[in-house]
Visitor: 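The structure's right below; bear with me while I get my questions together.
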Amino acid sequence: MAPLSWRHHTLLQALLSRGPLSERDFHAVFAALSGKNPATHQQLFSDTLLKINKDLAYLQFELRACINQYDGMVYYGVVNNIADEESKLGTKYSVPQIAFYKGLLEAIVQEAGNDGSITSIDALNVRLDNQVIIVDGSQDSQSRLPTSVTNFSLTQKEKTLDELIRDRWLSYTSTGKIGLGTRSFLDLRSWFRGNDIPSCMVCNEACIKASSCPNDECNVRIHEYCQRKKFSQRKASRGCPGCGTEWPRQDGEAGGDDYVNEPGEDEAPSANHSSRKRRKQVKAELVEENNKAGPSTAVPRSRTLRSTKAEAVEAAQQASSAGASQATRTSKRRKK
């Protein structure tokens, strides 16, 4: 098997140094490295990720994509395939901090309203004693819990909560509650399946934040973004896949639209402009990172200079054209 190229290394370096990246940012990094847009070169994009994962498999790591169930956005990250939470959190967190995270995780996924979040007060009231396993299982095991667990104070919980949110294991939702973070969605896929978390009827992924069938006797759940996709077509039936009960519309959901969240023609220019601007920004960041990393992963300087020079010429031509057009319109107004 051919070794990974500098492009593969730089993709991995971007994910490891910046943490999980949104699909938009990860695609921009890929486009800056390859000169190809992943949206129009899907096979090249898929082959690149497959090549990286074949080499990462030896270390039991994987480059994976997930959907953040609170905002419906796709994220990419490098994850640990070992199943236990302790190895996923690594050695950065202490035993009581890991126990606190596990307690928060259980409280969030068991939230009765399908909102996938808990209040800050409920988070700070999570108990740690039932999250630490004593090996011999004797009756007095609770009395032999580590003092670091039994003496874990409210102040320590607050600091740990802030740290877990900063590291994106947890997050603040749009309503100000505590929910799972992007790294939890990336890393804990096997944990969700192993703990019988209900799955979405459409995508078969665990439902942390989802809508339930209005029929109380039906257990079907569907993510909000999967609901928009499933019911977006004008003639699509809104019947529940399980019992046939009509599925209620979400707040702000348009009725009878053939395509949901599709940009109009008048939005295309600004979107393209934003994409070009973002690609230039990513190129600059990658050049800076590679210069710091040393010659092994550096982008060839000659290619970077040629690309930058070409973009500068293109920008100057656009500016000149815009100036000439403005001058013509001004002249016409004066004649009138």
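Keep in mind the model is a prediction, meaning the values are calculated, not measured. By convention here, the first residue in the shown sequence is residue 1.
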Visitor: Supply the atom-to-atom distance T10 OG1 to R7 CZ, rounded to the nearest 0.5 angstrom.
Guide: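 The CZ atom of R7 is 9.0 Å from OG1 of T10, to the nearest 0.5 Å.
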
Visitor: Take atom CG in D47; do more than 12 heavy atoms of anything else shown fall under 6.0 Å from it?
Guide: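 Yes, CG of D47 has more than 12 neighbouring heavy atoms, counting only those of other groups under 6.0 Å.
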
Visitor: Of K209, M201, E205, which meets side chain to side chain contact (heavy atoms under 4.5 Å, CB included) against H223?
Guide: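 Looking at K209, M201, E205, the match for H223 under the side chain to side chain contact (heavy atoms under 4.5 Å, CB included) is E205.
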
Visitor: Check whether any side-chain heavy atom of D25 sits under 4.5 Å from a side-chain heavy atom of Y76, and report yes or no.
Guide: no

Visitor: If you compare all heavy atoms of Q69 against all heavy atoms of I208, which two are closest, and at what distance to 0.1 Å?
Guide: OE1-N, 2.8 Å

Visitor: Does a side-chain heavy-atom distance below 4.5 Å link S120 with I178?
Guide: yes

Visitor: Starting at OG1 of T182, measure out to CG of D167 and round the result to the nearest 0.5 Å.
Guide: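 Nearest 0.5 Å value for the OG1-CG distance: 12.0 Å.
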
Visitor: Indicate the atoms forming the closest heavy-atom contact of I52 with H8, along with that distance.
Guide: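 In this case the closest contact between I52 and H8 is CG1-CD2, 3.6 Å.
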
Visitor: Looking only at heavy atoms, which two atoms of R221 and A210 are closest? And how far apart?
Guide: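 Smallest interatomic distance, heavy atoms only, reads CB-CB, 4.4 Å.
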
Visitor: Atom NZ of K229 and atom SG of C226: how far apart are they, to the nearest 0.5 Å?
Guide: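 Between atom NZ of K229 and atom SG of C226 there are 7.0 Å.
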
Visitor: For C243 and C213, which heavy atoms make the closest approach, and how far apart are they?
Guide: SG-SG, 3.6 Å

Visitor: Between Y75 and L186, what is the shortest heavy-atom contact and its length?
Guide: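 So the two residues come closest at O-CD2, 4.2 Å.
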
Visitor: Check whether L49 and V79 end up in the same hydrophobic cluster, where Ile, Leu, Val, Met, Phe, Trp and Tyr are linked by side-chain heavy atoms less than 4.5 Å apart.
Guide: no

Visitor: Flag the pair W247 / S211 as yes when at least one side-chain heavy-atom distance between them is below 4.5 Å, and no otherwise.
Guide: yes

Visitor: Return the set of residues passing side-chain contact (heavy atoms from CB on, under 4.5 Å) with N53 (not counting sequence neighbours), or none when no residue passes.
Guide: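 Per chain and number, N53 pairs via side-chain contact (heavy atoms from CB on, under 4.5 Å) with L56, E62, L63.
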
Visitor: Side chains of I67 and F185, heavy atoms from C-beta outward: is any pair under 4.5 Å?
Guide: no

Visitor: Evaluate the side-chain proximity of Q97 to Q156: yes if any heavy-atom separation is below 4.5 Å, no if none is.
Guide: no

Visitor: Using the test salt bridge (Lys or Arg N to Asp or Glu O under 4.0 Å), find all partners of E23 that sit at least two apart in sequence or belong to another chain.
Guide: none

Visitor: Can you tell me if T173 and T175 form a side-chain donor-acceptor pair at under 3.5 Å?
Guide: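 T173 vs T175: donor-acceptor pair found between side chains.
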
Visitor: I121: which other cluster members, linking ILVMFWY side chains closer than 4.5 Å, directly or transitively?
Guide: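 Noted: I121 shares its cluster with no other residue.
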
Visitor: Which distance, rounded to the nearest 0.5 Å, do you find between the CD of E246 and the SG of C240?
Guide: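 So the gap between those two atoms works out to 11.5 Å.
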
Visitor: We want to know whether R64 and N81 form a side-chain donor-acceptor pair, criterion being a heavy-atom distance below 3.5 angstrom.
Guide: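 Yes, because at least one side-chain N or O of R64 sits under 3.5 Å from a partner of the opposite role on N81.
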
Visitor: Do the side-chain N and O atoms of T160 and Y101 include a donor-acceptor pair separated by under 3.5 angstrom?
Guide: no

Visitor: Check K177 with D122, please: is the shortest side-chain N to carboxylate O separation under 4.0 Å?
Guide: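 No.
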
Visitor: Kindly work out whether a path of hydrophobic side-chain contacts (I/L/V/M/F/W/Y, heavy atoms less than 4.5 Å apart) joins L50 to V74.
Guide: no

Visitor: Run the side-chain contact (heavy atoms from CB on, under 4.5 Å) test on L104 and I118 for me, step by step, so that the C-alpha distance in whole Å, both residues' side-chain angles and the decisive distance to 0.1 Å come before the verdict.
Guide: CA-CA 9 Å; L104 292 169; I118 57 177; 4.1 Å; yes

Visitor: Any non-hydrogen side-chain atom of P241 less than 4.5 Å from a side-chain atom of I222?
Guide: yes

Visitor: Could you give the distance from OH (Y172) to OG (S117), rounded to the nearest 0.5 Å?
Guide: 12.5 Å

Visitor: Would you mind reporting whether L170 and I108 have side-chain heavy atoms less than 4.5 Å apart?
Guide: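 Yes, at least one pair of side-chain atoms sits under 4.5 Å.
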
Visitor: Nearest heavy-atom pair of K36 and F30: which atoms, and what distance?
Guide: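 Shortest heavy-atom separation between K36 and F30 comes out as O-CD2, 3.7 Å.
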
Visitor: Considering residues, nucleotides and ligands other than N151, do more than 12 of their heavy atoms fall under 6.0 Å from its CG?
Guide: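 For N151, atom CG is crowded (more than 12 foreign heavy atoms under 6.0 Å).
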
Visitor: Under 4.5 Å between side-chain heavy atoms, counting indirect links through other Ile/Leu/Val/Met/Phe/Trp/Tyr residues: same cluster for M73 and L188 or not?
Guide: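 In one cluster with M73: L188, no.
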
Visitor: What's the verdict on side-chain contact (heavy atoms from CB on, under 4.5 Å) for K157 and N125, showing C-alpha distance, side-chain angles and the deciding distance?
Guide: CA-CA 9 Å; K157 285 184 177 181; N125 286 330; 5.9 Å; no

